[in-house]
Amino acid sequence: GYTFEVHNMEVDLVGTLLNVQINTNYAGHAGLWGTGYGDLFLGNSWNPAGSELNNYLIDDNTNGTTWTYGFSLDGNRYDANNMGGTGTLYKFTTANSSSDNVTNAVLSNEVTGPTHRNGQEVIVRRGSGDAVSSGTWSVSNDDADDYILFSIDLANTGLLTGDEIALHWGMTCGNDTIEGAYDVPEPGMLALLGLGAGILGFTSLRRKS
């Protein structure tokens, strides 16, 4: 029942359409204590700092994965009544190492001041990249099924050419963050993919008060 808890992330790929469902109690609670829905960050390889044993608690923008793309939400991310809309996928102009993450992302502590997880990438800096695709996002908040769903066309990106897609999401305060890697099927298998989703390789990066 913890409002800021992220349970897991479900990912599936249908052709070039990536669907990412964040199962979280936070769905429908934007605006609480000045917080809002975060953007979705993507990359070609997941390289977290720390280990599963310590729950990756030392992972932040300076030492974790280099995010090469960011899906930025249109509309008011701080409005609990906003149940979704459109978004734009940006390819970051400079993304050579994790030190570039601060150039490409607004961090959790920049939004709300010092938080439980400082240095977490939460909002795309739109001026740091080029728009390469579009998508949608929606919020479900019916108590039994709370989630935030992102659907993004990856056809004009380089995210389908590697072995995996790294993903990262957190609400703007970064109080709970989840990231991990989705294994990209071989090109010949893409046409065979159904609509089944898999919870694969995702670890919640959590520090609660």
Side-chain angles (χ1 to χ4, degrees), residues 3-13 16-43 61 65 67-93 95 101-112 115 117 119-142 145-157 159 165-180 182 202 205:
T3 303
F4 290 87
E5 184 169 5
V6 179
H7 302 295
N8 52 51
M9 180 188 292
E10 299 179 37
V11 181
D12 74 346
L13 186 65
T16 60
L17 183 66
L18 182 72
N19 298 299
V20 181
Q21 180 172 308
I22 311 292
N23 297 311
T24 173
N25 296 347
Y26 185 72
H29 293 283
L32 184 62
W33 297 327
T35 64
Y37 301 123
D39 292 333
L40 184 69
F41 289 83
L42 306 95
N61 67 289
T65 301
W67 304 108
T68 52
Y69 293 83
F71 181 70
S72 178
L73 308 184
D74 296 327
N76 188 352
R77 69 179 70 243
Y78 299 99
D79 182 2
N81 295 317
N82 187 356
M83 303 305 287
T86 59
T88 304
L89 183 66
Y90 290 86
K91 180 180 181 180
F92 299 130
T93 304
N101 288 337
V102 69
T103 300
N104 301 322
V106 178
L107 307 179
S108 51
N109 46 289
E110 294 182 70
V111 180
T112 57
T115 70
R117 286 192 59 77
Q120 296 299 306
E121 303 89 342
V122 292
I123 299 176
V124 172
R125 295 189 194 274
R126 290 193 170 200
S128 65
D130 300 316
V132 293
S133 186
S134 60
T136 62
W137 63 283
S138 61
V139 178
S140 174
N141 176 230
D142 62 3
D145 201 14
D146 296 344
Y147 60 81
I148 302 167
L149 175 65
F150 303 93
S151 296
I152 311 165
D153 186 1
L154 302 185
N156 295 320
T157 74
L159 290 169
I165 299 173
L167 300 117
H168 167 99
W169 184 86
M171 62 285 297
T172 59
C173 62
N175 202 49
D176 204 2
T177 306
I178 189 166
E179 65 176 55
Y182 172 80
F202 291 94
L205 308 178

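- Across all non-hydrogen atoms, the minimal contact from Val124 to Tyr90 is CG1-CD1, 4.3 Å.
- Side-chain contact between Asn8 and Thr24: absent, with no pair of heavy atoms (C-beta onward) separated by less than 4.5 Å.
- Taken to the nearest 0.5 Å, the CG atom of Asn101 stands 10.0 Å off from the CD atom of Gln120.
- When side chains are defined from C-beta on, Leu73 counts as touching Phe150, because their heavy atoms get closer than 4.5 Å.
- The heavy-atom pair separating Ala80 from Ala30 by the smallest distance is CB-O, 3.2 Å.
- Residues meeting the side chain to side chain contact (heavy atoms under 4.5 Å, CB included) test with Val132, sequence neighbours left out: Tyr69, Leu89, Lys91, Thr157.
- Distance alone, capped at 3.5 Å, is enough to place a donor-acceptor pair between the Ser140 side chain and the Asp145 backbone.
- With hydrogens and angles ignored, the 3.5 Å screen pairs no side-chain donor or acceptor of Arg77 with any backbone N or O of Thr172.
- The closest side-chain heavy-atom distance from Val139 to Asn82 is not below 4.5 Å.
- If you take OH on Tyr182 and CG on Leu42, they are separated by 13.0 Å, rounding to the nearest 0.5 Å.
- You'll find the ring centres of Phe71 and Trp169 outside the 6.0 Å limit.
- A donor-acceptor contact closer than 3.5 angstrom links the side chains of Ser151 and Asn19.
- Ring-plane geometry between His168 and Phe41 is classed as perpendicular, the angle between the planes exceeding 60 degrees on a 0 to 90 degree scale with a lower cut at 30.
- To the nearest 0.5 Å, atoms CD1 (Ile22) and CE (Met9) are separated by 3.5 Å.
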